[in-house]
Amino acid sequence: MLSDWLNLTLDGSESGAREGRLASGRYVIHRPGILELVPQESRSHANACVISAGIHGNETAPIELVGDLLARLEAGLLAIGAPVLIILGNLPAIRTGQRFCTTNLNRLFRRDLAEEGDEPQRARELMATVDAFYGRHPQPRLHYDLHTAIRDSRYPRFAVEPFGDTATRPEQWRWLAAADIQAVLHQHQHSWTFSHYSKHYHQAQAFTLELGKVRAFGDNDLATLQPMRALLEALIAGTEPPATDPGNMIFFRVAHELMRESEDFALCVPDETPNFTRFEVGTRLARDGKAGDCIVSDAPLAVVFPNANVEIGARAALLARETRPPDD
Ligand SMILES: [Zn+2]
C-alpha cells in the first residue's frame, strides 16, 4: 500500500523495488526513499515534478506533508496527472532525528563530487535518479526541495532561488505567493544544493522552500502549510495551481556569504537571531582567527541561516539586502 511506504521507509523495513496501482495511475518504488508517481494520462498543465523532503534529517514538517499527499492519493481524493518523483533524502539522519550523520548532504550535489562516505553516496544516487527521471519525461521541469529552518524567521515561510542561467518564470512567483510563501532570497552564486542541481544541470524551475521551523514528528503545525499543500496537489494533479500577486512577498538578494575560515570563529549575533534580522552599518557580525572581523558596511544587511557550528570552509551565514520584486 502506498500509504505504508513512508512508515516502512522510515523504520527501515521497506523491502526495495516494487510497484502498485492507483485509480489514476501507478507508483513505482525505485530504491529506498525514492518513489515515482506515473499518471495514466498526463494533463495539459503537467510539469515533470521532483518533490523532495528530508535532505536534512531533522526537518520533519515536509515529510509529514508528503505523507498527507500520499494518503490523499491512496484515498482517491487526489488524482495523478503529472509525472512526479518523491524523494526522502537522508534516511539514516531522518531515522535518528539529526540534520545529517557525517556531513551536510545539501552541499554535495555536483557532478564532479570527489568525496566518499554515506552522504556523498546518497547524493550520487539522488543525482542519477533525477537525471533519469527528467530524461524520461518531456514535460517542463520543476523541483521543489522542502525544508524547515533551524531558527525562527521574520518570514517563517520563504523560498531560496538558486543561482543559475535559467530564468524563473513569472508564474512561479504567483504560485509561491498563493502558497503563502512570505519572502524570497535570490542566491548570488552557485551553491551545490539539491534544488541548484536541477536548475543548473536540467534547467528546471527550482527552489529550496523553507516551511517554518525545525520540530519533531507530531509537533508540526500543518495548518499553516495548507496553501503549500494546495500548490503541491495541483502539481501532482497536473492542473493549474492557485496564483496571486507576488507583490505580497518581500524579495532579498544575497550580498555576501560569511564563511568560517578557522577553528577560532564566533558569530557576534545572538544564537537565536531570527532569519532576516536586519543589522545596521558598523555592526560586527563575526570574528574569525584567519579572516578577521566581519562588519556591516555600505548599507544594512539581513542575516539568514546563521550557524557558527559549521565545518571549517563552510558557510556560517548568508548576508542579504532587500531588492525589488522581479518584473513580469
Ligand atoms: Zn534544511
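For reference, positions follow the sequence shown, starting with 1. Atoms within each ligand, like the ligands themselves, are counted from 1 in listed order.
A cation-pi arrangement is present between Arg111 and Tyr201, with the terminal nitrogen or guanidinium carbon under 6.0 Å from the aromatic centre and inside a 45° cone about the axis.
In terms of modelled atom types and a separation under 3.5 Å, the side chain of Gln187 and the main chain of Phe163 share no donor-acceptor contact. For Asp293 (side chain) and Asp288 (main-chain N/O), no donor-acceptor pair under 3.5 Å exists by modelled atom type.
Counting backbone and side-chain atoms alike, Glu59 contributes an N/O/S atom closer than 2.8 Å to the Zn ion (ligand 1).
His56 contributes atom ND1 as its closest N/O/S atom to the Zn ion (ligand 1). In His147, the N, O or S atom that comes nearest to the Zn ion (ligand 1) is ND1.
The nearest pair of heavy atoms linking Gly247 to Asp245 is N-OD1, 2.8 Å.
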